[in-house]
Every structure is written in C-alpha cells, then in structure tokens.
J.: 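Can you read through this structure? Questions will come right after.
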Amino acid sequence: ENAAIENKTHPAKWTKSNISTMRRQLKSMGLSYDWGRELATCDPGYYQFEQKMFLDFLGEGLAYRKESWVNWDPVENTVLANEQVIDGKGWRSGAEVEKRQLSQWFLKITAFADDLLAELPNLERWPEKVRLMQENWIGRSEGAHIYFELIGRPDRLEVYTTRHDTIFGATFCAVAANHPLARELAEENSELALFIADCNRLGTTEAAIETAEKLGFDTGVKARHPFLEDTEIPVFVANFVLMEYGTGAIFGCPAHDQRDLDFAGKYGLDVIPVVAPPEEGESGFVITDEAYVGEGIMINSDFINGMSIGDAKSKIADRLEKAGAGMRAVNFRLRDWGVSRQRYWGCPIPIIHCPDCGAVPVSQSDLPVTLPEDADLECAGNPLEHHPTWKDVDCPTCSKPARRETDTFDTFFESSWYFARFCSPHSENALDRSAIDYWMPVDQYIGGIEHAVLHLLYSRFFMRALKQCGYTDIKEPFSGLLTQGMVCHETYTDMKTGEWVFPQDLQLDDDVLTNSRTGNRVSAGRSEKMSKSKKNVVDPEAIIDAYGADTARLFMLSDSPPDRDLDWADAGIEGAWRYINRLWRMVTQPLVNFPPANSPRPGRLSPAAAKVNQAIHKTIAWVSEDLDRFHFNKAVARIRELSNLLDGLNAKDDGAPWVGRQGAETITRLIGPMMPHIAEELWRQLGYETMLADMPWPAIDETLLEDENVTIAVQVNGKLRGTVELPKDCDEESARNAALALPNVARTVGDKPVRKVIVVPDRIINVVI
RNA sequence: GCCCAGGUGGCGGAACUGGUAGACGCGCAGGCUUCAGGUGUCUGUGGGGGCAACCCCGUGGAAGUUCGAGUCUUCUCCUGGGCACCA
C-alpha cells in the first residue's frame, strides 16, 4: 500500500505488475513450478474464504475482540507500524508518537499453546534452531499465582511468579502501568498519572521496553506478605512489568533477580537473601551488587529453611493452596494474535457494527465483502473509514442502519493457509478434502530464517484452527523446513551526492570506480541484503540475457550453502560460465573418442581407467547424498572434481574411451537438476534421442565404493609427521610398526621412550612420547 | 535487554559422529598457445623460516577437557536474524 502510494498508483495495479515481473523472471530461470495452480491472495476469489474462516473461528471461540495498544501518529491521524516509529517519532510526520487503545480482533493462538509446543519435537525435518526459537517464543513456565492482601483495600493483588520459593525474600510488589490498580490509583494521584503517561510513551515493542531505564513509582499502597502477618511491602507501578505477561503484577525478590536488585538499589528497598549457595552454609551469605540466581538451600525462610529450591517451591505452593492465598499455575509468554489493521489493502473483516446488536457477522449470503476500488488512499487515517458510502449498511439482525468494520486483516492471515489452497486452487470450497488429504502436509517448505517464529507459528496455529472448524484433519502444515539465506551484494555510494548507486551504473577505469551517470567517484561499501532502497541489486534478467539461465543457476547453487547468505559477485558468474563451456567441449570434443551410446563395458580396464571408473561411482554416491541434504555447493564441487579427473584420462589406456563416455554421461545426468537446459542438449550430443529428464537417477555399483588401501595420518604427540598407506582394516600391530618405521617419525621420536601408541583403525595413529 | 545463529586463506566456502585444516571455485602470480588482447591450457598459491629434507605458527579472543580440538566445556568480543503492526 505504501509502495503504491509512493509510485502514485493503485495497490491492485502495483501488485499485479509486480506479480507479472516476478512470474516472468521465475519462468526465465526455468524453475519447474506448476503454473496452473498459481493464485493471488489479494484476489477476492482467494480472500473470500478467509472471511468464512474468520466467522467459523468466531463461532468456535477462536476469534474475539479486545482493547489493545497501537502507535498513534497525532499529525497524520494514523496507526503506525513498529518499523514506522523511529526514535519514538512518526517516520513521515516526525511527530512524537502516542500510544492509543483501540478495539481490535484477536485470534486465540494461546488456545493451542500446549499443543504447538508439544508437537515441536516431532518436526524432525525442521532445523533445530527454529524449533528452539518457537519453544522460547511460546515460553511455557510453571509457577504460581500468589494473592497479596492490600492494606486498607477490599481487593487483593494477584501476582504470577516462577520463583515462589523466594517469597520470604520479597521486599516489593510492582504492577504494570496499565494494570487496573495503577489506573484506579492514578485517578486521585496526578503524579502517578504523569508517571503512567510517561510509561505509555515508550514504544509498543518488547525491545523498547526492555532496554529502557527501569523506573518505578511508589503508590503508597502496602501489600501483606502471605506468610508473615506483620510484614507489609510497598506496591510500585513499574515500566518493566508487562500487562500482557502473567497477571501484569509481580513480587520482587532483589537478592535473587538482577533486575529486582537494581530496582531495590534505586529505590532503597531491602535485600533479603533466601537461597544460599551450597558451599556457603546457612549464615553469613550476603548479596552485594550481583543477584544470586543459582542452586542452593533456603535460608531466612521460616518453614522452608534448609530445603532445596525445588522442594521449597512445592511446599510453598501447597501452603498457598491450603490457605487460599494462591495456586500453582502454568503461564505462557505467547500472546494472542491481533489481526486488525487500519489499512486499505487487505481482506475486509466481515463484521457489521450495529448500535443495538453490537458486532454482527456478515451473513454468509453477503460474502465476500470486497474492497471498494475508489478509496482515497492519501487521506489521513483509515481509507475504508473515510470512504463516503462503503461502510454504510444495514444490520443483518435488526435491519437498522449500521456500519461495516473498516479494518482489514493482517496479511499474515493470507500467508497462513495459501500452501493448503495450492492443493485445490480452483475448488469452490476453501480446501478440497481429498486434495488436502493427498498433498498435505507440505513435504518441503522453504523460507527465510526471519520467518522462524511469526509466520511459521501462525501457520501452525491456523491449521489447528481450521481442523477444529472441520476443514481438515491435518494440524501440522510443514513436515520439512529449510531456512534459506538472503542474497547480498556490495553497496556503492556516489562520493559527491552521497546517494546509492546501482551496480549497473558503475564504471571501472584503472582501478577507479565512477558513477557513469554523474561521473563522480564511487566508494564501495560492505555487502548487505539486496534491497531497492540501497540499490545494491542485480537484475536477474540481465544475467540471464548475458550468460543464460543455467549459468545463473549453477552459480547460485555452487557458491554458498542454501541456508547461508549468498554474496552475489560477478566474478563468480564468470567461473560458472567457464565451467559450462568446459562441459560442452568435454562432450562435443572429447579428449578420448567416445564409443557409441550404450556400448558394453570393455573386458579389461587399465588400472588408471579403473580408478576413474571407481571415482565415477563414488561421485554418484556423494552427489546423491549431498542433494538429499541440500548441500548443493558440495555436490557441484564433487562434480567438478570428477571433471578434473576425466581430463587426466589417457586415450591409450585400456578402456579409457568407455570410461570417458561413462564420466561424461554421469556428469550430464548429475548436473541435470541444476542446469536442465544444457544438460538436455548435452544428452542429445551424447547420442540419445529421449529426454534426460525422463531418465532415472544414475545407478551406483556398490562394489566400487570401497577402497582396498587407506592413507592414515601418523602423529607424534598430536602433531602430523607423515602418512602411511595400509590395507583397509589392517591390524593394530602392523599399523603401529608401519607408523614407527616412518623415517620422519623415527627421527622425531629419537631415543626417547615411546609411552604409548594410539591406533584408530583406518583413521589415525598417534605416537605418544 | 531477551531469544537464535554465524565468525576458518585475499574472497565464497570444505572438513560426516573429536582424528592429515583449507576440498571445489573465485582471485592472484608465472609458463605455454596467440601478431596482440581475450579464450584455452599447465604450474604455483594460509603465514613465516630453510638450497633441501623438513621445521615453527595458524580456524574471532582467553582459559579448560583430551593421546589428539575448527569440532566438546566455560567466559568473552564482533556480525546477522527475530522480539508480536515490515511481511
């Protein structure tokens, strides 16, 4: 939407033209997509199903409405995304951003928190790091709710903690700035109201909150310690307590939490150690400026003194539950997913707000609710809200004048099920059961690591929600996941104007880089993720025009493993180009004259030819394994090694022509998936009429994979002193003798006594002196 | 601030479960081919020393475990991704 405005066009037009460009580029790379299944999520034919899904979620209690905070730009009168808030100011207006509460729609991802966590270990073909990130994001913790009586007030303060064992070290309580207690007290305390307003000026991001200076405000209210009748502790409002986590209130134990300790130092609160390190004994343990967070035994803690932390936790929980002063509780860091966006370019939320009936779902017969094409995108605020007629409708229940919901869905909504729609892209239903059963889950999903949590977790939630609504029986969308890196390129700056320069506009004369448009000198900067804003992009079509799709494909596959960032450098392209030319010569002008296609293996192969033949089969084995593991760069390296070896074939050797043909055919077949166009051409040149793509993967002669001899490294005190060639599975005694007989080993050992010799069969021999 | 990765020659990267660090490619240097340039081809290429055989040092830094550490452990520095409205 923002890009369309910037380019003075309609988002629909902008989107469609981008899709066309990308489709053309993908096709020119020769990527084998099934274009018959193409879909666009901005098409009403796609998003109509989302409106139905949302209403189904609503019926299942998986969607609900609540107040939540947004960044508000008071000058532009719009909600700002987090990335549009720069140093607390609106990115365009520069105005100080405020926080506002809006009533918004939420999807209940927390209903599946346990299951989303429990299924992670079963996602065996997901990277461990992604599963870890999701586990931490869901953040399940076991703790307790503790109810603190408030002195002179009828209500009590409910706190969530995972460290109830440290309750005797509690010296303060703190509530979030938007905790009901804080708000109530602020009504009669203008200073507190100011403090709360200050807290609300902090951004909505966790990073902003966590890095801000920790501040508190003493409300004057006291809480009674649940086990110590005479102990009253102060209640603060603090900017680091999150309303969204737990109960929005904590108790602070400065001795055993660093943040609490810093807070206590700042506000002159007591520090009572209640866990002593095992070696410290029961007395004399003091906390200075570092909180003790390790294991230990309880001290200063009444009836739990001497216990371990674990025992203390369960004892405290028992006593709390018995006294009605608290209970065991499981808490999640995961929060429900807010899907309302105050933007035009998205799927309209199918709800009608009636002054009498409240939020009423749009009737099934009135779906889909489509976007008006004539909204004014440059107006201040939400374009749908400002549209003259679109929002005016009658209430489906009472028929009185009512107003459409003018928010649209977060576009993560679209990306949470598109993969399932690919199974039956033309079906009249959102998901065709038989197609889903056949195709889903996705065997191999690919996406950037930046999606590790949000998109991938939303999709996992969405499938579960759809399952609950009867759409499918599948709850995990992706059985295999590969997280790919980003494509990077050097950046260039015009040294006079300071502007970014496109690589295509560079000119290089005598090692001096200039901008061919301005003639100014250009400085080259570090390689960064390709982005239009920094202009460090290369046009794939220009590469394809100059070198062909196969060269571009080979380069991308061979330079970096797919899960790492790829640094795009023109020099690498040249290397790939040279290899393609070399392959072509290898087949069309072979060094040894190939026998005709399908010639039988000659009866005798010279030792040299036999060795190459063995290498062919080893290469097939390695490449097969590398491809299975997505180690494309290694697969390319293996194939190149085989090419180098084939160049060494001597035409006079027995069987060399036959082996040469085997090698050329094998390379052609192995490289086929990477460079399909030239591989087909080479296949034809090799004398075959059928398509290579229809050939089975080359077979391996297993008997050729094993070597008779192995080269074993010989070390003296862990330092390499030579190698010995030994028969495979050679006995330790002969290996030891062979090693000690090496002149270099004998010299290094000299007349020192050999203390021991470590022999790892077929691997290494280490002589220890 | 928190969570997750990564750090290996001039560069991209290899090194499966601890066992010959630097495969393969780029770049660079020199030779051959050519009228010349390019292409092609051969040789060399982690740093230092030595005529050589060889020796010393080397995987961000520090310490540790081990016969042996790029790989394991602890601490630390730097870079990247995410932190719920960029998607």
Side-chain angles (χ1 to χ4, degrees), chain A residues 2 68-71 79-85 104 109 127-137 139 204-212 214 240 244 259 333-343 410-412 414-415 448-455 457-458 483 485-486 488 526 528-529 555 558-561 563-567 569-576 578-579 581-582 585 625 629 631 633-641 643-644 647 711-723 743-744 747-748 755-758 760 762-769:
Chain A
N2 285 329
S68 88
W69 293 92
V70 293
N71 304 306
V79 174
L80 296 179
N82 285 332
E83 74 156 7
Q84 296 170 334
V85 180
Q104 309 206 64
I109 189 170
E128 182 61 35
K129 59 179 172 180
V130 175
R131 289 186 282 165
L132 239 183
M133 281 189 260
Q134 293 211 352
E135 184 183 329
N136 292 333
W137 184 265
T204 54
T205 70
E206 195 184 308
I209 293 163
E210 291 286 329
T211 49
K214 311 286 181 279
F240 58 85
E244 291 79 16
R259 191 184 57 189
R333 203 186 78 98
L334 183 67
R335 307 200 300 259
D336 280 335
W337 172 16
V339 292
S340 296
R341 296 292 181 274
Q342 297 68 41
R343 285 174 227 288
D410 174 10
T411 51
F412 270 129
E414 277 81 55
S415 58
I449 186 66
E450 70 272 20
H451 295 302
V453 174
L454 292 180
H455 163 59
L457 197 58
Y458 288 148
T483 53
M486 294 173 296
C488 300
R526 53 182 294 174
E528 289 183 68
K529 172 184 170 179
F555 167 61
S558 61
D559 229 40
S560 284
D563 53 351
R564 275 214 224 176
D565 290 350
L566 167 72
D567 199 45
D570 290 346
I573 281 281
E574 289 284 345
R578 280 205 290 271
Y579 182 66
N581 284 303
R582 190 176 153 201
R585 284 192 304 272
E625 198 187 313
R629 294 184 182 182
H631 294 171
N633 56 330
K634 283 159 66 184
V636 172
R638 295 296 193 188
I639 294 171
R640 294 183 94 128
E641 267 178 296
S643 309
N644 293 345
D647 277 352
T711 305
I712 299 175
V714 180
Q715 301 177 333
V716 177
N717 285 348
K719 285 197 176 191
L720 183 70
R721 296 297 170 198
T723 58
N744 206 30
R747 190 178 47 244
T748 312
R755 288 201 287 149
K756 63 176 160 176
V757 180
I758 288 156
V760 183
D762 299 339
R763 283 235 137 138
I764 204 159
I765 299 163
N766 191 8
V767 179
V768 186
I769 54 173

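Naming convention: chains lettered A, B, ... in sequence-line order (proteins, then strands); numbering from 1 in each chain. These numbers were taken from a predicted model, which means no experiment stands behind them.
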J.: When you measure from the side chain of H451(A), which nucleotide among rA84(B), rA87(B), rG27(B) comes out closest?
T.: rA87(B)
J.: Both distances under 3.5 Å, Watson-Crick or G-U wobble: report the partner of rG58(B), or none.
T.: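 Partner of rG58(B): none found under 3.5 Å.
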J.: Can you tell me how far CH2 of W137(A) sits from CG of L457(A), rounded to the nearest 0.5 angstrom?
T.: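 Answer for the CG-CH2 pair, L457(A) versus W137(A), is 8.5 Å.
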J.: Could you check how far CZ of R585(A) sits from P of rG40(B), rounded to whole Å?
T.: 6 Å
J.: Would you measure the distance from the C1' atom in rU65(B) across to the matching atom in rC72(B) and give it in whole Å?
T.: 8 Å
J.: Using whole Å, report how far CZ of R333(A) lies from P of rC83(B).
T.: 11 Å
J.: Between N644(A) and R582(A), is a side chain to side chain donor-acceptor pair (under 3.5 Å) present by the stated rule, with each step listed?
T.: CA-CA 10 Å; N644(A) 293 345; R582(A) 190 176 153 201; 2.8 Å; yes
J.: Nearest 0.5 Å, please: how far is CG in N717(A) from OG1 in T748(A)?
T.: 9.5 Å
J.: Using the C1' atoms only, state how far rG22(B) lies from rG7(B), rounded to an integer number of Å.
T.: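 Comparing C1' positions in rG7(B) and rG22(B) gives a spacing of 16 Å.
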J.: Donor-acceptor pair, distance only, cut-off 3.5 Å: does the side chain of N71(A) make one with the backbone of L80(A)?
T.: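 Checking the backbone N and O of L80(A) against the side chain of N71(A), a donor-acceptor pair under 3.5 Å is found.
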J.: Does the side-chain contact (heavy atoms from CB on, under 4.5 Å) test come out yes or no for T483(A) and K129(A), once each step is laid out?
T.: CA-CA 10 Å; T483(A) 53; K129(A) 59 179 172 180; 3.8 Å; yes
J.: Should rA69(B) form a Watson-Crick or G-U wobble pair with both distances under 3.5 Å, which nucleotide is its partner?
T.: none
J.: How is V760(A) classified with respect to the nucleic acid when contacts are heavy atoms under 4.0 Å: base, sugar-phosphate, or nothing?
T.: base
J.: Any donor-acceptor pair under 3.5 Å between the side chain of Q84(A) and the base of rC85(B)?
T.: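 No, no donor-acceptor pair under 3.5 Å.
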J.: Syn if the chi torsion is within 90° of 0, anti otherwise; quick check, which is rG50(B)?
T.: anti
J.: Taking the six-membered ring of F240(A), is the NZ or CZ of R259(A) close enough (under 6.0 Å from the centre) and on axis enough (within 45°)?
T.: no
J.: With side chain to side chain donor-acceptor pair (under 3.5 Å) as the test, would you mind laying out the steps for N744(A) and R747(A) before giving the verdict?
T.: CA-CA 5 Å; N744(A) 206 30; R747(A) 190 178 47 244; 2.4 Å; yes
J.: With rounding to the closest Å, how many angstrom separate the P atoms on rG64(B) and rG70(B)?
T.: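 Result for the P pair: 16 Å, nearest Å.
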J.: Looking at CG of N633(A) and CG of D559(A), how far apart are the two atoms once the value is rounded to the nearest 0.5 Å?
T.: 8.5 Å
J.: Give a yes or no answer on whether the side chain of Q134(A) reaches the backbone of A452(A) with a donor-acceptor pair at less than 3.5 Å.
T.: yes
J.: Using the P atom on both, measure rC75(B) against rG81(B) and round to a whole Å.
T.: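 Comparing P positions in rC75(B) and rG81(B) gives a spacing of 25 Å.
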J.: In whole angstrom, give me the gap between the P atoms of rU8(B) and rG80(B).
T.: 15 Å
J.: Within the modelled atom types, does a donor on one side and an acceptor on the other bring the side chain of N82(A) and the base of rC85(B) under 3.5 Å apart?
T.: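 No such pair is found, so the answer is no.
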J.: Mark up nucleotides 44-56 of chain B, 5' to 3', with B wherever a protein heavy atom is under 4.0 angstrom from a base atom, S wherever such an atom reaches only the sugar-phosphate, and - elsewhere.
T.: ----------SSS
J.: Rounded to whole angstrom, note down the C1' distance from rG9(B) over to rU59(B).
T.: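 My reading of the C1' atoms in rG9(B) and rU59(B) gives 10 Å.
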J.: Categorize V636(A) for me: base, sugar-phosphate, or nothing, with a 4.0 angstrom heavy-atom threshold over every strand shown.
T.: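 Nothing, no nucleic acid heavy atom in range.
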J.: Using a 4.0 Å heavy-atom cut-off, does Q104(A) contact any base of the nucleic acid, only the sugar-phosphate backbone, or nothing at all?
T.: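 Base: the residue Q104(A), judged by heavy atoms under 4.0 Å, touches a nucleobase.
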J.: Write down the distance between CD1 (I769(A)) and P (rG68(B)), rounded to a whole number of angstrom.
T.: 13 Å
J.: Choose from rC67(B), rA84(B), rA87(B) the nucleotide whose nearest atom is closest to any side-chain atom of E450(A).
T.: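 Among rC67(B), rA84(B), rA87(B), the one nearest the side chain of E450(A) is rA87(B).
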J.: Considering every strand shown, what is the Watson-Crick or G-U wobble mate of rC85(B) when both distances are under 3.5 Å?
T.: none
J.: Can you tell me, in whole Å, how much space there is between the P of rU66(B) and that of rC77(B)?
T.: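 Between the two P atoms, the distance is 28 Å.
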J.: Salt-bridge test for E135(A) and R131(A): reply yes if a basic N is under 4.0 Å from a carboxylate O, no otherwise.
T.: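 Salt bridge flag = no for R131(A) with E135(A).
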J.: Compare side-chain N and O positions of R335(A) against OP1 and OP2 of rA84(B) and report whether any pair is under 4.0 Å apart.
T.: no
J.: Check this for me: does any side-chain nitrogen of one of R333(A) and E206(A) sit under 4.0 Å from a carboxylate oxygen of the other?
T.: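 Yes, charged N to carboxylate O under 4.0 Å.
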J.: In whole angstroms, how far is the P atom of rU66(B) from the CZ atom of R755(A)?
T.: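 After rounding, the gap between these two atoms is 13 Å.
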J.: Mind checking S415(A) for me? I need base, sugar-phosphate or nothing, with any heavy atom below 4.0 Å counting as a touch.
T.: nothing
J.: Taking atom C1' of rC83(B) as reference, at what distance in whole Å does atom NE2 of H455(A) sit?
T.: 18 Å
J.: When rounded to the nearest 0.5 angstrom, what is the spacing between CD in Q715(A) and CG in L720(A)?
T.: 6.5 Å
J.: Between the protein and nucleotides 1-4 of chain B, list every N/O to N/O distance that falls short of 3.5 Å.
T.:
unit_1	atom_1	unit_2	atom_2	d
rC3(B)	O3'	N136(A)	ND2	2.8
rC3(B)	O2'	N136(A)	ND2	2.9

J.: Can you identify which nucleotide, out of rG19(B), rG25(B), rA23(B), has its nearest atom closest to the N644(A) side chain?
T.: rG25(B)
J.: Whole angstroms only, please: what is the NZ-P distance between K756(A) and rG68(B)?
T.: 9 Å
J.: Let's test this: given Watson-Crick or G-U wobble pairing with both distances under 3.5 Å, identify the partner of rU45(B).
T.: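 Here rU45(B) is engaged in a pair, and the nucleotide opposite it is rG27(B).
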J.: Under 4.0 angstrom, heavy atoms only, what part of the nucleic acid is I712(A) near: base, sugar-phosphate, or nothing?
T.: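 I712(A): no heavy atom of the nucleic acid under 4.0 Å.
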J.: For residues I109(A) and L334(A), determine if any side-chain heavy atom of one lies less than 4.5 Å from a side-chain heavy atom of the other.
T.: yes
J.: With the sugar-phosphate defined as primed atoms, P, OP1 and OP2, and the base as all remaining atoms, what B/S/- string results for nucleotides 8-17 of chain B, 5' to 3', for protein heavy atoms under 4.0 Å?
T.: ----SSSSBB
J.: Using heavy atoms to find the nearest nucleotide of RNA chain B for L454(A) and V768(A) separately, return the residue whose nucleotide is more 5′.
T.: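 The residue closer to the strand's 5' end, by nearest nucleotide, is V768(A).
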J.: Whole-Å distance between rG81(B) C1' and E83(A) CD?
T.: 15 Å
J.: Specify whether H455(A) and F412(A) have parallel, tilted or perpendicular ring planes, treating 30° as the upper limit for parallel and 60° as the lower limit for perpendicular.
T.: parallel
J.: Quick one: do S643(A) and Y579(A) satisfy side chain to side chain donor-acceptor pair (under 3.5 Å)? Show the steps, please.
T.: CA-CA 10 Å; S643(A) 309; Y579(A) 182 66; 2.6 Å; yes
J.: If I pick the C1' atom on rC55(B) and the same atom on rC28(B), what distance separates them, to the nearest angstrom?
T.: 27 Å
J.: Just the rounded figure in Å: distance from P of rC85(B) to CZ of F412(A).
T.: 8 Å
J.: Counting any heavy atom closer than 4.0 Å, what does R638(A) reach on the DNA or RNA strands: base, sugar-phosphate only, or nothing?
T.: nothing
